[in-house]
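Notes for the one structure printed next.
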Amino acid sequence: MTYQDEIARARTPIDAQQGRWNGIDAESVARMRLQNRFRTGLDIAKYTAGIMRRDMAAYDADPAAYTQSLGCWHGFIAQQKMISIKKHFGSTKGRYLYLSGWMVAALRSEFGPLPDQSMHEKTSVPALIEELYTFLKQADARELGMMFRDLDHARDTGNEVEVARIQHAIDQYETHVVPIIADIDAGFGNAEATYLLAKKMIEAGACALQIENQVSDEKQCGHQDGKVTVPHEDFLAKVRACRYAFMELGVDDGIIVTRTDSLGAGLTKQIAFSREPGDLADQYNAFLDCEEITDPSQLRGDVVIERDGKLMRPKRLPSNLFQFREGTGADRCVLDCITSLQHGADLLWIETEKPHIEQIASMVDRIRAVVPDAKLVYNNSPSFNWTLNFRQQAYDRWVEQGLDVSAYDRARLMSADYDGTPLAEEADERIRTFQKDAAARAGIFHHLITLPTYHTAALSTDNLAKEYFGEAGMLGYVRNVQRQEIRQGIACVKHQNMSGSDIGDDHKEYFAGEAALKAGGVHNTMNQFAA
C-alpha cells in the first residue's frame, strides 16, 4: 500500500463521521500508521520468519549468501546496530539480531550478574525480545518522521520533483525490524516449561528459537567445563514443544535451531531407555564408557546394561553422572544433528572449542551425507582467542609445507612482537575471510558473535574513563566521542532526536495544532549539530 493509499484509507472513517472528526487529519493518521507498521509481536514473528526462510533458500542456491548477526543485550544497542547497517550498506538484508542467554544472565537478571547456567529469570528473555523490537520500531518511526518533515518542506517550497522523490522513498521504505535468533537455553525445565516459554518468546516477536541438548537444571555455558547432555528423546520432546508453540500461534514457518554441546560434553545424567537393538537410545548408550561385569558381587547400587551379550557397568562419577568414552564427541555431534534434522529442526548449531573450518566441515560432511541441505548457525565466539588460534593454525600450515618457522615461538604467538609479520598477516587474512570460507566449506548459513556488545561496552568505557579522569579531562570525551560522532555521522549525536523528541513534537502538532508546545524550537541546543 502506497503513502497516498494510506491517506485515502484513513480518510474514509473520518468522512463517515460527517464532521464530528474534523480535528483528525487523514495524512497524520497515515503517517502514524506507517510509523507503527507492526502492531504485535506475532506480526513481527510472522514477517521475520518469512525473511529467514527466503534467506535459507538463497543460501542453498549459493553459499555466498550467508547471513550474520551480533548479540545485543539492550534495545538501544540493537537499534544503533541496525541504524549503522542501513547507513553503511543501504539495506538490512542478511543481517539479524542474536539474543544471547549468556548476556541476559550477565546483564539483565534481577539477581545481578550471573554465569551462563540458566539461573536467570526465564521471563527476562521474552522481555528483552520485546525491548529489542520496541527500539527497532522506534528507529522506523524516527527515520520516517524525518522523511515526513522533508516532504512538508518540499511542498512548502513548491519543489514537486522532491515531493515525488520523497513519496517514492516512503513507499519503498525498508524497516529496521529484522529476524532475532533467540536463545531459549536448554528449555528452562521440562517440555511443558519449554513450550510455555517458547510461546512468550514468539509472542514477543521471535521467529527463531535456539535450544541446546544439555540438562536444563545444570546447564553450562558452551565454553565452560562440566557440560551434561540428555538422551535424544528428551531433547526431541522440547524441540516438538517449540514447534507446537509456533504452530499454535500461527507462525507455521518458525525456525528451530538445535544446538549440540556433545563435542565438549563428556557426561550424561541419564541412560536412555532402549526398546530394541540399534534404536536411537541404544546408539546413545553405545557411547557410554563401560566396564564388563563378570562378578555380580562387585555391584553396589550400580546400573548395568547389556552390550554385545555382555553385562556392562557404565562408569559413574560421585556426582551420579555417567561419562562417555573419550574421543566420541564428534560422533555424538553428528548423530545429534542428523537426529534433530529428522525430527523437526531447521538449522543446526555445533558448539566447538576453537574456530577451525576443517574441524567443523568434517562433521558437516557426515551430516550432509544423510541430510544434504543441512545448514549451521555458528558461534564466532569471543571465548575463542582468535589471534592465537589463527596464528597457530598458520604456524602449523607452514610446518606442513616445509616453510621456515624458526622466527616464531608457537606458544607465544599472541605476543605483539609478531604483529605485522608474514605469519601474522596470513592469520589475519584468514580471520577476515573466515565467515565466507566457512559458509562455502562447512555449511554455515548464519554467522553470529554472541557477546560482542558486552565487550565493546567494556572497552569503550575503559578508554573514556582513562582519558576523562586523566590529564585529557573534557577533551577525552570531546575528541574521542563527540567529535567522532559528528564526523562519522553517528545519528545519536543528536540524542534528543534519537530518544523520540521530534516524534513527540509531531504528535503534539497533530493533537493541538498551533497551540502545541514543542521542544524542538530555536532554543533547543540540539540545533548546534544541524551542520
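Hydrogens, waters and symmetry mates are skipped; everything else that's a heavy atom, side chains included, is used. One-based numbering along the sequence shown. Everything numeric here is computed off the predicted structure, so don't read it as measured data.
- Around atom CD of Glu130, no more than 12 heavy atoms belonging to other residues, nucleotides or ligands sit under 6.0 Å away.
- For the atom pair CG (Leu70) and CE (Met82), the distance works out to 9.5 Å, reported to the nearest 0.5 Å.
- Environment of NZ in Lys200: sparse, with no more than 12 heavy atoms of neighbouring residues, nucleotides or ligands closer than 6.0 Å.
- Remark: Arg391 is not positioned above the aromatic ring of Tyr418, lacking an NZ or CZ atom under 6.0 angstrom from the ring centre and at most 45 degrees off the axis.
- No side-chain N or O of Thr229 forms a donor-acceptor pair with one of Asn213 less than 3.5 Å apart.
- No salt bridge links Glu400 with Arg397; every basic N to acidic carboxylate O contact stays at or beyond 4.0 Å.
- Atoms NZ and CD1, on Lys86 and Ile83 in that order, are 9.0 Å from each other to the nearest 0.5 Å.
- There is no side-chain donor-acceptor pair under 3.5 Å between Ser274 and Tyr284.
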Review point. Between Asp417 and Arg412, does a salt bridge (charged side-chain N to carboxylate O under 4.0 Å, His left out) hold up when you go through it step by step?
Key: CA-CA 9 Å; Asp417 296 342; Arg412 56 181 299 273; 2.9 Å; yes

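- Side-chain polar atoms of Asp183 and Ser100 form no donor-acceptor pair below 3.5 angstrom.
- Counting non-hydrogen atoms of other residues, nucleotides and ligands closer than 6.0 Å to CD of Gln401 gives a total above 12.
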Practice item. Please assess Lys93 against Asp55 for the test salt bridge (charged side-chain N to carboxylate O under 4.0 Å, His left out), listing each intermediate value before the final yes or no. Key: CA-CA 9 Å; Lys93 182 173 175 54; Asp55 286 349; 3.4 Å; yes

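- Cation-pi geometry between Arg95 and Phe89 is met: under 6.0 angstrom from the ring centre, within 45 degrees of the axis.
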Point to revise | salt bridge (charged side-chain N to carboxylate O under 4.0 Å, His left out) evaluation trace for Glu291 with Lys315 | key: CA-CA 7 Å; Glu291 55 188 358; Lys315 293 182 179 177; 5.2 Å; no

Exercise for review: Before giving the answer on ring-ring contact (aromatic ring centres under 6.0 Å, His included), spell out for His356 and Phe384 the whole-Å C-alpha distance, their side-chain angles and the decisive distance to 0.1 Å.
Suggested key: CA-CA 11 Å; His356 194 292; Phe384 303 145; over 10 Å; no

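- Atom CZ of Arg108 and atom CG of Leu128 lie 5.0 Å apart (nearest 0.5 Å).
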Practice item. Carefully, step by step, assess Lys122 and Asp185 under the rule salt bridge (charged side-chain N to carboxylate O under 4.0 Å, His left out). Key: CA-CA 10 Å; Lys122 64 176 71 177; Asp185 278 32; over 6 Å; no

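- Other residues, nucleotides and ligands contribute at most 12 non-hydrogen atoms within 6.0 Å of the OH atom of Tyr454.
- Under a cut-off of 6.0 angstrom, the local environment of OH in Tyr468 is sparse, with at most 12 non-hydrogen atoms contributed by other residues, nucleotides or ligands.
- Under 4.0 Å is where a charged nitrogen must lie from a carboxylate oxygen, and between Asp253 and Lys46 no such pair does.
- Side-chain contact check for Trp398 and Glu426: at least one donor-acceptor pair (N or O, by modelled atom type) lies under 3.5 Å.
- Glu351 and Thr260 form no side-chain donor-acceptor contact under 3.5 Å, judged by distance and modelled atom types alone.
- Looking at Asp428 and Arg430, no side-chain N of the basic residue comes within less than 4.0 Å of a carboxylate O on the acidic one, giving no salt bridge.
- Taking the six-membered ring for Trp and thresholds of 30 and 60 degrees, Phe76 and Phe135 have ring planes more than 60 degrees apart, a perpendicular arrangement.
- Here CG of Leu347 is found 6.5 Å from NZ of Lys375. Values are rounded to the nearest 0.5 Å.
- Within 6.0 Å of CD on Glu471 lie no more than 12 heavy atoms contributed by other residues, nucleotides or ligands.
- With no hydrogens or angles considered, a side-chain donor-acceptor pair links His446 and Ser69 at under 3.5 Å.
- Ion pairing between Asp346 and Arg53 holds under the 4.0 Å rule for side-chain N and carboxylate O.
- In summary, the side chains of Gln435 and Tyr378 do not present any donor paired with an acceptor at a separation below 3.5 Å, with no hydrogens or angles considered.
- Salt bridge present: Arg366 and Asp331 bring a charged side-chain N and a carboxylate O closer than 4.0 Å.
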